[in-house]
Each structure stands twice: as C-alpha cells, then as structure tokens.
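Chain letters run A, B, ... following the sequence lines, proteins first, then strands; residues in each count from 1. Atom set for the values below is all heavy atoms of this structure, side chains included, hydrogens, waters and symmetry mates excluded. A quick note: this is a predicted structure, and the numbers were derived from the prediction, not measured.
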Amino acid sequence: MAAAPKTNKLGLMVKDYRGGDSTLCKGCGHDVITNTIISAFYEMGVEPHMVAKLSGIGCSSKTPAYFLNGAWGFNSVHGRMPAIATGAALANRDLKNIGVSGDGDTASIGMGQFVHMLRRNTPVVYLVENNGVYGLTKGQFSATADEGSVAKGGATCDLPPIDLCTMAIELGCGFVARSFSGDRKQLLQILKAAIAYEGTAMIDILSPCVTFNNHKGSTKSYDWGKGHEGPVHELGFVPHWEEPAVEFEGGKSVEVPLPDGGVVWIKPIDEHDHDPRDRVAALNLLREDYENEAVFNTGIMYLDPSRETLQDDMDLSAEPLWNMPLEKLRPSRESLDQIVDSLR
Amino acid sequence: MAAAPKTNKLGLMVKDYRGGDSTLCKGCGHDVITNTIISAFYEMGVEPHMVAKLSGIGCSSKTPAYFLNGAWGFNSVHGRMPAIATGAALANRDLKNIGVSGDGDTASIGMGQFVHMLRRNTPVVYLVENNGVYGLTKGQFSATADEGSVAKGGATCDLPPIDLCTMAIELGCGFVARSFSGDRKQLLQILKAAIAYEGTAMIDILSPCVTFNNHKGSTKSYDWGKGHEGPVHELGFVPHWEEPAVEFEGGKSVEVPLPDGGVVWIKPIDEHDHDPRDRVAALNLLREDYENEAVFNTGIMYLDPSRETLQDDMDLSAEPLWNMPLEKLRPSRESLDQIVDSLR
Amino acid sequence: MSEPSTAPDSAATAHPEPIVNRLSIQIATVNGSGSQTANNTLLRAIFQMGIPVSGKNLFPSNIAGLPTWFTIRANADGYTARRSEVDVLVCMNAQTSREDVAGVPPGATVVYEESLKLDTLRDDLDFYPVPFAKLVREVCPVVSLRRLVVNMLYVGVVAHLLDIELAEIEKALQKAFATKPKALDLNIDAVKAGLAWAEENITTQSRFRVQRMDKTAGKVLVDGNYATALGALFAGVTVAAWYPITPSSSVTESLIELADRYRVDPETGKRNIAIIQAEDELAAIGNVIGAAWAGARAMTSTSGPGISLMSEFIGLGYYAEIPAVIVNVQRTGPSTGLPTRTMQGDVMFCAYNSHGDTRHPCIYPANIEEAYEFGRKAFDIAERYQTPVFVLTDLDLGMNLWMADPFEYPEGGIDRGKVLDQAGLAAMEDWGRYKDVDGDGIPYRSIPGTPGGKGAYFTRGSGHDEYAVYSEDGDVYAGNVDRLKRKIQGSADYLPQPIADDRGSKVGIIAYGTSEAAVAEARDQLRGEHGLETDYLRLRAFPFPASVQQWIEAHDRVYVVEQNRDGQMRNLMRIELPEISVKLDSIRHYTGMPLDARTVTDAVVAAEANAEGAN
Amino acid sequence: MSEPSTAPDSAATAHPEPIVNRLSIQIATVNGSGSQTANNTLLRAIFQMGIPVSGKNLFPSNIAGLPTWFTIRANADGYTARRSEVDVLVCMNAQTSREDVAGVPPGATVVYEESLKLDTLRDDLDFYPVPFAKLVREVCPVVSLRRLVVNMLYVGVVAHLLDIELAEIEKALQKAFATKPKALDLNIDAVKAGLAWAEENITTQSRFRVQRMDKTAGKVLVDGNYATALGALFAGVTVAAWYPITPSSSVTESLIELADRYRVDPETGKRNIAIIQAEDELAAIGNVIGAAWAGARAMTSTSGPGISLMSEFIGLGYYAEIPAVIVNVQRTGPSTGLPTRTMQGDVMFCAYNSHGDTRHPCIYPANIEEAYEFGRKAFDIAERYQTPVFVLTDLDLGMNLWMADPFEYPEGGIDRGKVLDQAGLAAMEDWGRYKDVDGDGIPYRSIPGTPGGKGAYFTRGSGHDEYAVYSEDGDVYAGNVDRLKRKIQGSADYLPQPIADDRGSKVGIIAYGTSEAAVAEARDQLRGEHGLETDYLRLRAFPFPASVQQWIEAHDRVYVVEQNRDGQMRNLMRIELPEISVKLDSIRHYTGMPLDARTVTDAVVAAEANAEGAN
Ligand SMILES: Cc1ncc(C[n+]2csc(CCOP(=O)(O)OP(=O)(O)O)c2C)c(N)n1
Ligand SMILES: Cc1ncc(C[n+]2csc(CCOP(=O)(O)OP(=O)(O)O)c2C)c(N)n1
Ligand code: SF4
Ligand code: SF4
Ligand SMILES: [Mg+2]
Ligand SMILES: [Mg+2]
C-alpha cells in the first residue's frame, strides 16, 4: 500500500482528525487504538462533522475525547452506549457512528444492550477495548477475564470468559473482527473496512491495561498478546475510490466487496484458510481460542455485507428524520378532521 | 417406566405438590408446563419446603403460584429473577431453586442477567416458557420471535430471533434442553434430570400463547410446534434410588451419570445420533434449527455434569450461610484488637 | 303491568318516579370474554343520544378468566367522575355475582343470568332474570362464538330496560365492525334477539332511564392515551422508543396506528418516523436521549417501574441538557403494585428523579383536551429547556373513555428552542455549548452533522465547563448547576399555567390531573348540599409559578386533593412554598380506583367542621 | 542563620514567631506517581507524634498523569475539617505549580523542585527550592523506581522543615512496607537522603512546625469505608453483592480483605461469607434482595448512579418487605458528575426512592465511629423493619483518613427482627406474612427452608393481602400501605437519635454526616470571633423522631447546613415538619470539596446580620 498522502481525498490533514490530549496512563493500549482510529478516519476521508463518537463509562470510554475534535462526542452512562447509538442512528441516518466501549462496559453492565444492538444491526463501528479488567475503578476482573487469569493483587479468575466475537456471530452480526492494540497495521485495515460497513461492525481488541493487568499470569497483558497473537490472514481494505495496491495472487486470496464499492481483501497466512464469509468456519476458529488458551486468533472473523441495517428494517425515509420540515410531519387539517370524525 | 405410585419416596402425594388455581387463559401452554413441574417434583420426591420458586414478571412468571404451595415463592421484578436466584443460592445452598421466566422476561429485558447467570452457573432449574410474545402486555413480539413470523395484528417480525439454547451452550451452561409444552412426556423427563442437576439447568420450552400467538403464520403456535417438533432422542431420567426400568440396548444408547447418582439416558431417534455431551454437535444441531426454519429439534442438547457451581467456585461453607451462628460470623475480641492495632 | 315472576314485592320495586339521564350501569363479566365491545356499544349509544357519559374499565392484571367490571355513567349535568353507587347492575360473572349484588344500593336494577338465582339475595332491588345461556344457543349456532355473542344479548336487554335507542346501538356497532360485515350482522342480530326477548318477557321497565338530549353534539369519545399520541404526532415526533407496560402501552400503540396512516411518505412508501420497541426501559430512554441529542423530537411512554429503570438516564438528560419527552401513565405502586389500577403516585419521584440535585419540569393533563395539548407541548418544553420533561397522566385518563371537545388543529409552528444551524453558529462569537448567553440559563445547542466546522462539542454526564470541556473545578461545577436550577425554575412561566376558578370563597381546593372531574362535581355537592362555596386552583405543571403562592395566600384554608398515600403534590408544595405550607390540608384517595366526588366532599365537610370547631 | 539563596527578602520571610501544631500541608503531585505512600507517611508520623490530624485526598477521575493534591491538617485543638488555606505547599507537579503557588496565603512555606523556578512568582512566601531530580538520581540507581522514590525525598525535606521526628517516619514506613523489607530500606534511605540534604542546605526552618503532644494516644487513623466494612463484618453480614464504583468500591474491597482473614473456617478452609461481584447494580441489589429473602444478612455498597439503577428493586424491597442494607458513599452528581468529589447529594432520592408511595429509613454517619457503628446497626434496622435501609456516607468520610477512637467490640447479639422458626410458626395461630400482630406495623416473617409444613408463602411486588395472597382489592391495598407507612414511621425511635449540643442559644444549627467536623469548628469560630453562641443538633437518621421538631421549636432561627445545591435535608424537614419549616434557613456548600468551617461561619454571620437587621 502506498504511503499515506499528506492530505486525504477531502483535502484534510491527519491533524484534522486528532482530538484532545489523552489522560490515560502512559502506555495504555487504548491510546494506540485512538491513534489508529485517527488514521483510519483520515485515510477513509470521512467528514469529521458527520461523525458521532459515542461511549459509555470507563478508561476506554474516555477515548472519544482524544480523536476527531471536529466530530460530535457523547460520553454517556455505563454500559448503555448501544441505546444512544440506536437513537442517534434513527434520528440521523447520515451520521457515521463510532462507539468505543470497554469489556466492563460491554460484557458486564452492558451485556443486554450489546446483544440487542447486534440483533438490530444498529449502524455503528463498535469497538471493545478489551483488557479483562475495569481499568477506571482500579483493576477488578471483568466478564471477559479468562478463567485462571491472575489479578494484580493475586486473585485468580474462577469464571469462564465471555467471548464477544462468538456472541456477535451467533447474534447475526455481519462484521466481526478481533484484533490487538499491539498490531496497529492489522487494526487499521479492519477499522477502515468497518467504517465502510453499514451495520454493526464489532471489533474486539485486546488492549492491555498497563496499570492493572499487564503482569505475568494475566492473559490480557501486552506480552501475552505479543506472544500468542496469530493473525488468521493478512487483510486490507481498498475504498471504492482507490485502486487496489496489492496484487491478488488468486488461489487462496479472497475479495469481499461491500455495498459502498469498497473491497475487503484477505490473504491466508500459514495453515489458516479462513474465508470470513463462512459463519461456521468463523465459529470454529473462535472455538479454537476458547478451547486452547494458547491461541489468540485475530483478523476479520466473519463478514456478511448483505444484512439489512436497522433503518432499512424499519423502512425509514432516506432523508434524515431529525430535520424533516414540519409539513412532512404534521398531518393536514383534513386528516385531523378525519380522525375526529372517527371518534364521534 | 413403572406407573407412578400414589405416593413418592417421601410418602407425599401429587396433591402435596399442587399450587393455587391458575389465572392464565384456558389452553395456555404455561399451564401444561406447570402441571409437568408438579409431576416432576413429585416424582423426584423433593421436599416442598426446600424449594424456592422464583420468577420475574409475565404470564409465565405468574406460574410459580400455581405449583408447590408448600414451597417458598418469589415473583420479583421483570427480567431480574437470575439475580434473585443467585442471592438466594448464596444465602442457602440447600434450597432447590426453580425459576420460571418468559421469552420477554429472559431474552428482552433480562438478557444481561441471563448471560451472567449462565456464566456463574447459578444453581437453578431455569425454564423459559417461550411463546415469542409478551403475553401479559397483550402480544407484542419478544426477542425470540422468528424473523418472518406474523403477529396476530398482521405485523411481520423483521429481526432474527435470539436462540437461548445456543447462547447457553456458548456461555458454558452444563444443562441445556429444548422442549415443547405439547410434549409433556419428554418435558417431564427433562425436568426430572434438571432437578437432579446442580448448576444452571436451562430449558427453553415452546409454550404457545393461545390468546396472542397461536394463529397461522406464527412460528410459536401449538400447531406449528406439533407439526415441526423433532425430538432428537428418546430420553429419561433415573434417580439414584430407582432401578432403571428401561433396558439399555447398548450401541447407540447413552447413559450420563449425574453427581448425585441419578442417570440421564438417551436413545437416538431416526437419523439423529446426538450425544449431549458433545458441545460442538449440540451447537450444530441448534444451527439446523436456525438455518432451516422447518426444523424444531427438542431434547437435551448439551449436558456436562462436571461443571462447578457458583457456591463451589466461591468456596462457600457446606453449611448454609443464612443461619450460621453469630459466633462463626463475628470475629473475636482479640481479632478486633488486632485490627485496631494495625490502624494505630 | 306484571312484575317479572321472581321479583320480590318490596318497596324498591314499587317503581317510584323514573330517574332519567342520571345513572351508573355496571357490567360484571370475566375478562377475555369479549364484553368490551358490548360495553362500548352501550356507552357509545347513550353518548350518541346526546347524553354526557364516561366509561371506566376495572380490569384485572391478567389476560382472561378473572372478574372485570365496566361502569358507564350517564349524567345530564356532564359529571364524568367515577360514582361509587351502581344503579343498574348486569351480572354476567357467576364468580362475583353475590358480592356484586351485595354492593349496590337499595332500589338498583339487576340484570342477571337466570340460573344464578340472585333474586333471593336481597329484597330491595329490582331483579331481571334473563335466560342468557338458553337464548344464546338459539341465536348463535356456532358454539365457539357464543361466548362473544352472549354479550350482545345483554346489550339488547339493557337497551330495552333503559330505553336506549336501537338505531344508536346499530350505529355504534357499525363503527366497531366497520371492516367486518359478517360479524356486524351477527352482533346486530344478537342485540335484537335480546331486545325482542325483553320486550316479550319484561313488562316493567327499569326505574333508571335514558332519554335523548343534546349535550354531546360534536363531541368525541376517546381515551387519553390516544389523545396523547395524537398530540405527539402533531408535535412532529420523529423517534419514539418504548417498552410495553400497562397502562402506557396504548400511547405508543396508538402512535403506531396513527403513523401507519399519516407518516408513510405517499411517494416513496418510506416512513417519516421511527418507532422502536426497545429491549427494556433503560434502552428506551437511551434511544430517546440518543435521538434527541442527534436532533430528533423524541419520546417514550412508560409507567412507574419504567421510570425507576430510567432514573440513571434521566439524570444524564438533566445534566447534559438533552430534551426528552417521557409520558408516564401512572398506575398503583410501589413496585408492581396494582398494575391495572390508577394512581397519582409518581409525582414526587418524577419531580426530583435521579441521584444528585435534579429538578424536572412535569405537566399534569386532566382531561382529553389536555392529554392532546400536553402531548404536543411537551416537545416544545423539552426542546426549549433542553431537558427531560414528564407528562404525568394516569390509567384513569389514559385507558378509560372520556367525552371531549374535538381536537383543535394546532396553529403555528413548533418551538425547537435555541438551536444553532451553520449560519447561526457562524454568527455567534465564541459559542459555548453551556454558556448562558441570554441570562435565562438556557444555552445554545448545535446538532450533530451541522457543517461549517463550528458547533462540534463533547456531551458528557461528567463535569464540564461552558465550552463542554471536561472540568473538575468546583466553582465551574457550582456555576453550572446554579444555571441549571435557574433554567428549570424559569420554565415555570412557560409551562401550562394553573387554572383558577374563584368564587370569592376563603376555602380553596387545589387539585391536578384526573382529580379534576371529581373535584368539579364535589364543589357542586359542597355548594348544593352544604352551602359551602369553594375556590379552586388546578395545577398543571411543576415547578410552580408565583401565582400559586399568591392564590394560596388569598385563602384561609386550602385542601390539596390527590390520588396517592403520601400527599405527594402537597409535599412538593411544602418544599417549594414553605411560607404557606402550613395552610395546606391534604385529601388523599389511594385505593387504586378513580377518585369520586363523594370522597372529596365528605373529606372537605369533615375538615371544615373541624376548622369551624377550632375557630 | 542564612536564607536559602533564592528567597526574596520580604516581610513574609522575616519568620515571625513559629506557628506550632496548627497547619495545613498540601502536596501537589500527579496521580499514579506513588505519592500516596509518602503523603500517608507524613500524616501518620505527625499523628504518631500525638498531634491530631486529618488527611484529604483530592484526586481526579482518571488513573494516572493528572494533578492530584493531598492535604494534611494538623491541629492541636483537634479540628479535622478541611481548611481551605494552605500553610505548607509541596509542589511536585509542574503542570499546576503556578496556580498552586498563586493559591496560598501570604507567609506560606513552599517546597518545590528547583528547576520550576517558582520563587519569582510571589514575594510574600517562604520558598524552598530542592533539586529533587538530581537528588533522586543519586539516591536511587534503578531508573524505574525513581518516580516512586522521589516522593520520599520530599518527606525528608518536609520533616526537616517542620520538625517531624524521623523515628516516627520510620515507624510509619515500617507499617506501610511490613511485608516488603527491600522496599522499606529503599524508602527509608530516600527519606534520610532528603533529610540530610535539607539539613545541609536549608538553614531556616519553616515558620510552621509540629511538636510532640499527647492528643492521639490510643487513637486509630482509618478511612470511613474500612470502618463501615468492619461494622458489617461484626454485624455478621453473610452476603455482599457489589459493582465497583468510586467512591464506594473500598467498602466491599475492605470487606473482602477482612473476610479473607476472619471468615475462612480454620477447619475446613471454607468461607462463611459470599462476596459477589455482580455484573451491574441492578444485579447487585437483586442478589441482596434474593439473599435477604432467603435469610442472609445482605448488603451492597454503591454510589449515586448505582442508586438510580437500583430504584426498581428498592421499591420491591419496600413493598414486599425484604431487608437490605445499601451503603451509598455519595459523590458529586447529578449523572456521572464529579466522581471523585464529595457531596451529600442523594439525601432526597434515597428517602423516597422508587416509584409510588415509598419511604426508607436512612442513617447518616458523621465520623469513623459512626461509620463502624452504623455499618453494623444497619443490619439490625433492615431486619427489624424488614425493609431496605440506606447508610448515607460520602467520599469525604469514606475515602479520606480520619482519626478516631478505637473500635469498640459490640456487646450483645444482633437483632434479626420478627423471624419465626419452625417452633414459632407452630405456636402462632393463623400466621399471615403481612399481618400486623403487634400493632407496630411489623409483620412476622418466615425463612425459606423452614420445615414443619407451615410458613411457606408467596412473595410478590404486586398487591397482596395479609396472607401474602394476590389481591387487587382497593381496601386491602390501602390497609397494607397504611401499615407500611406506620411501620417505617415507627422506626424513627429505633434509629440513631439526633444528638443535641445546647448552650442556651436561640440560634440553632442543624447538620448531619460529614458536615459535623466543619460545624463543630465553625461554632467555635462563631463564639470566639463573633461572640455568637449556637445550639447544635446533629441529625443521624430519617424519618425524624418528635424531638427534632421540639428542638427546632425551642429556637428562633435554625440553620440547616448541608453539602448539596438544593438543601435536600432541609427539604425533607419541610415535608415532614411543616409547622416549623419556615424557621429553617439553609446553608449549602456544593463545589465537591469537603465543607470547611469558614464557609459555615461566614454564612451564619451574614444571615444573622440580616436577621438582626430585620428585627
Ligand atoms: C452505573 C455505574 N456503575 C459503576 C460505575 C463505575 N465504573 C466506571 S468505569 C467502570 C468499569 C470500566 O471498565 P471497562 O469498561 O472495562 O473500561 P476500562 O476502564 O477497562 O477501559 C466502572 C465499574 C459507573 N460509572 N456507573
Ligand atoms: C420494568 C417493567 N417493564 C415492563 C413491564 C410490563 N410487562 C409485564 S409482563 C411483560 C412481558 C412478559 O413477556 P414474557 O416474559 O414473554 O411472558 P409471557 O407473558 O409471554 O408469558 C411486560 C413487558 C413490567 N412489569 N415491568
Ligand atoms: S488504568 Fe489501565 S485501562 Fe485505564 S488508562 Fe490506565 S492502563 Fe489504560
Ligand atoms: S395471554 Fe398468552 S401467555 Fe398469557 S395466559 Fe393467555 S395464553 Fe398464556
Ligand atoms: Mg476494561
Ligand atoms: Mg412470552
């Protein structure tokens, strides 16, 4: 892929996609993801003012303040960002929603809303910055902590982890990926594809908490991630206005076009032969992770560009609802007469 | 299996397991399940006063009032019965919990608690009386309504259903069954096994709402169930004090012993060859349902008698906590002195 | 003129002069038996005869098989409150019939299924046994339909006894079965069969009668939830999120019905409204807050348990200043309480909902006209003050049928408050999302997606300064919440103002919401029966404007009438108007039944006697 | 005696007579830098010298890298409230140092990293530049540890300036590093290095000094959350369910720590307590209600947002009569607000929490002794009245270190209320779960699992009669909620009673919770500086006993001091004590900082001046 130009297709520079200064701990995985989000939106040439940055509560949920200053941000309440995203998507279908959540925010308090967001296919790039702990409340285990993982204070996690990718696929999500803040290159491509995707694009990202969960014995540490990550493919995204810069070698390469004209491409790595359009294969791949704790597969696990989004399901006007003129919304005098008559 | 005796091993009669009069609609699937619960507790010889009957809110959630008058009942708030069950289980591990929920109560408002109950393996026989609608609020679709299913008023369900069995298996539940209120014989055996099981036993039961979702076009009607049910095996439960009354033919038959000494036995039907100890096979079986809407597999989908329950995970005393003498709970004078010293 | 054979020969049956257009009919059935259509037919027919009516449905919290009662009050003076005395009882439910009969006053008319043999229970009533079971077999050959059809038989019998005009019954049925001609015929035939049987077998008419008059011309008959939905429709609501709960479900269900007709673009077939059934109330209010933040006019409808679940988001809406319309159709709490009974039980919980220092505008519609008007205005209030607003109605208003003047077409546009578009942003120097530019505490907001490179800001429930920048500074915090307090207090003059009906009395009554009907009647009773003239102030909103205190000051004693145990509105007034709070006496009704005039009258009379004694 | 070379030659540096044992030290650092241990060491060392102290940690709502301030107040008279003036400032945070310096009063002592060059900012302060960066390189060869070790350097420097005894510092460090001897040595060495450098390079001492006295003998130094957890432990809590939230997390985290030591059966190694981290607050309170229903003594700890989420279950607990202990460590709301700042902001929301008519006993600990005592008693109250009980503490009490008398061993048993076991059930004729046998509104309950064939009942949040049977009857409903009201009102005399400190004044002050320390000091200021003697009533519980009204009646003017915007306790009093509510004036502090005496004093003086004027 060619080196990123100094300006994107809108003529904007990377700095136009930056946010405020981070107040997270130095080295926190979340900051890496923030920077990758900046790159992705820049490279995708999204107009910042058309972006809604949404989150719940947590260190991860603070991050929307650290990218895209020109976008509208909403740091809401703990675990309930999906409801906000859904409401915003209904009000203005032209907005690009990016939601940043944490494993506590999503898998603990937010589980109900997460499930129903997936079921509805709410249009949002939904990131879980997964560190296995509640960072902001100082390191308690979250529901994605692995059984047997050891806390900083020495306690061992007794419960099995919730696998958000499996859950997302089972619930019909059409864009399910797993990545690692230590693999910016992969994450960037996934993010770009997710931005081009129309429904819920769920990305579960191992994002180590350097302060509370980065020690030996933790299965969410940076070293653990580095030591175990196995990308299941090389992948990239080519937006509709760009020429593919890679040579597809045919054979095992796969190209998946998205409705907007962009293309996700995938090249197998090693023994893996994963076609992300294969739902069952995706679940099996994830099961490997589940059954063999030494494995940490990353990549786009499942991709189904065809699923209808919430707004189409609901048959909404193409024109955003929020700003429709009153004439379109308020029935006529005659209609009211009709209604009144029917009640006489 | 021999005809049930007039009294059970405790010398109690069926009437000792009855409850108040039902106030549900005549013909409601839930009433059939209620009666089957009565039979199951009777046949299992459980002491009624050691049973906690728990529920949320809904027609289904009313049913604990209609069985086991001698048990303690708790009709709590909508969707939050799992939390009640968890609390009760921690307070008194000797109680047998049976929770009755609906598809609205579990899959809509209760999704978060449902997931976390499964993750914790809270000891409870957890029934979902699944009719695809909110009965008590007059027939709106719930989150288990099938895509394409038609409401009484004519609306079509646009969203994919949530499959509670798949979810339960993915979340590590060790007893996952699906049944049908129109198949009392099967349900009775499943219930008995579930009562003998120690962790969460999740039973998703198609239980038609005769008032709001029993018409043509509904995929949760009685006729639909009758027309589509395919038990994947014949099954039964032999409690530890009984002699098996069936001859196991060897070959395809499977016996799964539970920790309490009871045995679940399974005989394949037709082409099915499902061993409920096989997690992957169980998920595949459920996927058939998902992918082929004409299929409605019932039986014990997954059974893993070995998983630790919540109380063991938490290393709780064998003696129930609720009634421990104060001497065991209040540290000594010396301990307080020690504590005070450490704060000086 | 021969008595029906089983009627005892008592004083009550001496049929003193008929009582015309002043009666209550109560029909006791089991729910799920389809009696609702029959009852509405009776109600509507009387209404069409020009006689003021109201209908109250007393139903259990289950779907079928339990006792249910429907009461029709016809009153020439236009009183529409519940009246606890029943004049005409129709006993169709064996289970409750003995109690039902025991509960009516002497002289009442009782229609009942013959085989119940109720006539032996009392000798001071007019009994009319009817062989319904036998008759229905004759009228309706299809066994499965008999359960429904039998109801039309009593319509016929009652019509005969009370002089309800058949033509009006037919008209009412035509309305009910407009799209089902077959059912229509079957039902009309059944009514006629009941009527014919009665004409043949009942020779004495009931002492209670109706007679055509002209007091309902032009009026509509409708429930409050429909009116509220209609108000929202005309307000231009674009996003509605809900989770079903009695007694609020029909707010959004009515909106769905209306939207199906009036919000589908005729050209594209696409919808100009999003109505989303959320997975629970936390999600529903989250949808509303998300949608309103993104610029939609957004609402939810719920009842008590839903409000409890929404509390966290409501606090966010208050502090981050996001409009939201929350229709709370109150039912009897606490907890699940009596879900199919009415109450004004969430007055306090809504006014100061959520943790921390909060305060929310609340409006209290009292009748159909206001259910419609406030359903519309709530959006203006929410957007103008950028804050969650509660429309506090209740089961009695929301789910019962009330007579009303026809809905008026709203003149003028809508008030979207201080929203800056691209030009507005460009024109404003140094815009800050939470800056108090005009001194009224209300800042200017921008909507996500506004182009031009200005106006983007970060919304949060945590501390923030005037520019919406994160801040933990104590003075910034205090300044911000002081502004919020000012802002909400400022709404008092914009909200629906209290309505006074003063007649120069020193005794005042304050009420709100559905207590209105009973209080209006009670004041007439007080005047007529006790010579006690009263002044009356009907509150329509919280926070209170200054006029409330002034009004109270002008009176010696003030009775606050309300439908809850704790005197919640009285308590709000104690907090907000401490100087005059000692003047407030409290009349509370909290059985879950709609308030009746007699309860108010008796309480005022007793309290006044005390007050006199003390003088 | 030569000045440090950079000190300007100003009046302030003329070192007038030393100020001993009356000083506030503020240390400005960034959080996550490990300064907490150093600050606690200073605090503890002064405490061990017999000087009354209090420590307040002002930290941001993030984990590392943002400004944080720790204030130590040492006061010979035992005042422990926040004092807003800083006497000794230690500037370790470049980011805030200029503002920090600007904020101190003339004459203050400022210790700072030399390279910050702060001494040019003002000429009325005593500046002590220290080359911390250079020193730490010398003391600590391990680069990664320097960030931590540098903190011990300032401990040494401050010890020198203020005369803090090295032996006490060593003792404090031994406590902190009891299990880490290597760290201990490193830290002691660092302190000594700081001290040595100071001895060598600083020749003038600070004007502010400490000097051994004997006012802390036997006392402990502890935070309120630990004390509350300890109370619960001694109450025999068996189930604790929680969801982490600042500032309440350390309640349950302390309980976990204590349980690890005192609730593991020495024989079996099994636990006699279940502490469960729930998936959210709805689940946590559900666990508590389920556990308490099944007989456990159950509790949760949370803060404002958690209370909002618990509202639905709290209403269930009230109406179905299930004990629950809810510790609410209040923080600054509404919404997420300022999560690391203190406030008494949920007083109203807790008292009437949930939809419908409700009322909940609330207790308000003011100090460590009460945090412990109320943490214990809350269970007795909850079980005796079979209802949710709020322990309303706050961040200031919960997370800051306070001096206190040693915890007393609880004498006697616990009050489990009216629980019937098998024998009790057998003895009671016609038992009904909700029957008011004793006339106090408190029914008898049975616990699931009780054998004998009696006592099983059905718990529900919907309408029920005395036998716990489902009921929609209006009179049954009203009778039941009337009893509930009586029951809760009856608790007023069982709850911790208000404490009056009367000195014959006509001017009264009412306060509660952590306003205690500031009010005590303010009263001395009022007396000493303004000759105004005040009476004082400290509320400790809601609902109020009759004595509160009597006390207010006995005074001409009463100031209710509290830490929220709306005067929430004042509002509760307006509702509950309307006759005297006009007497209540309100003093409110709501910046999120702990209340200080001066704020109270100034407000009382101003109001009294007005009152005088008006007289
Ligand atoms: C209702 C509510 N409960 C609890 C909290 C306290 N809280 C803040 S962040 C957080 C957990 C965050 O964990 P996660 O989502 O994993 O984010 P991380 O900090 O690890 O990035 C909690 C429990 C809260 N803010 N609101
Ligand atoms: C918090 C809350 N929201 C809404 C309701 C209203 N409500 C009662 S039952 C019910 C749905 C029940 O559906 P389901 O669990 O499927 O039970 P069913 O009646 O179908 O057996 C709802 C929404 C409620 N009681 N509480
Ligand atoms: S505490 Fe953990 S998650 Fe939070 S900012 Fe620090 S490293 Fe990141
Ligand atoms: S409404 Fe449906 S679910 Fe409820 S009782 Fe009737 S048939 Fe059963
Ligand atoms: Mg996390
Ligand atoms: Mg259902």
Would you say that [X] contacts [Y] through its side chain, given a criterion of any heavy-atom pair below 4.5 Å between the two side chains?
{"X": "D:Asp473", "Y": "C:Thr591", "result": "no"}
{"X": "C:Leu309", "Y": "D:Leu282", "result": "yes"}
{"X": "D:His355", "Y": "C:Pro305", "result": "yes"}
{"X": "D:Ile575", "Y": "C:Arg570", "result": "no"}
{"X": "C:Asp482", "Y": "D:Tyr590", "result": "yes"}
{"X": "D:Pro334", "Y": "C:Ser354", "result": "no"}

Item to check | With sequence neighbours excluded, residues passing salt bridge (charged side-chain N to carboxylate O under 4.0 Å, His left out) with D:Glu281 | outcome: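 D:Glu281: no salt bridge (charged side-chain N to carboxylate O under 4.0 Å, His left out) contacts found.
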Next on the checklist: Using the salt bridge (charged side-chain N to carboxylate O under 4.0 Å, His left out) criterion, which residues pair with D:Asp465? Sequence neighbours excluded.
Outcome noted: none
Checklist entry - Should the pair C:Lys485-D:Asp566 be classified as a salt bridge under the 4.0 Å nitrogen-to-oxygen rule? => result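 So C:Lys485 pairs with D:Asp566 through a salt bridge.
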With chain D, which of [options] has the greatest number of heavy-atom pairs at distances under 4.5 Å?
{"options": "C:Asn480, C:Val347, C:Thr358", "result": "C:Thr358"}
{"options": "C:Gly567, C:Ser308, C:Gly474, C:Ser311", "result": "C:Ser308"}
{"options": "C:Gly337, C:Ser581, C:Ala478, C:Gly592", "result": "C:Gly337"}
{"options": "C:Asp475, C:Ile307, C:Thr332", "result": "C:Thr332"}
{"options": "C:Leu316, C:Leu584, C:Ile314, C:Leu572", "result": "C:Leu316"}
{"options": "C:Arg341, C:His464, C:Gln330", "result": "C:Arg341"}

Checklist entry - Quick one: does C:Asp357's side chain have a donor or acceptor within less than 3.5 Å of a partner on D:Arg565's backbone? => result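 Indeed, once roles are kept as given, a pair shorter than 3.5 Å links the two residues.
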Checklist entry - Taking D:Glu472 for the side chain and C:Ser61 for the main chain, is one N or O donor matched with an acceptor at less than 3.5 Å? => result yes
Checklist entry - Among D:Asn328, D:Val481, D:Val582, which has the most heavy-atom pairs under 4.5 Å with chain C? => result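 If we count pairs closer than 4.5 Å to chain C, D:Val481 comes out on top.
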Checklist entry - Taking every heavy-atom pair that is under 4.5 Å apart, which of D:Ser335, D:Gly356, D:Gly304 has the most such pairs with chain C? => result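 Answer, by heavy-atom pair count under 4.5 Å with chain C: D:Ser335.
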Item to check | Trace of the side-chain contact (heavy atoms from CB on, under 4.5 Å) decision for D:Met593 with C:Tyr477 | outcome: CA-CA 11 Å; D:Met593 303 292 281; C:Tyr477 167 83; over 6 Å; no
Checklist entry - Does a donor on one side chain and an acceptor on the other come within less than 3.5 Å for C:Asn62 and D:Tyr470? => result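 Note: C:Asn62 and D:Tyr470 side chains miss the donor-acceptor criterion.
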Checklist entry - Under 6.0 Å from the CD atom of C:Glu99, do we count more than 12 heavy atoms belonging to anything else shown? => result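 It does not: C:Glu99 CD has 12 such atoms or fewer within range.
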Checklist entry - In Å, rounded to the nearest 0.5 Å, how long is the span from CG of C:Leu577 to CZ of D:Arg574? => result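 So the CG of C:Leu577 and the CZ of D:Arg574 are separated by 9.0 Å.
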Checklist entry - Which heavy-atom pair separates C:Phe349 from D:Tyr352 by the least distance, and what is that distance? => result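 Here C:Phe349 and D:Tyr352 meet closest at CD1-O, 4.2 Å.
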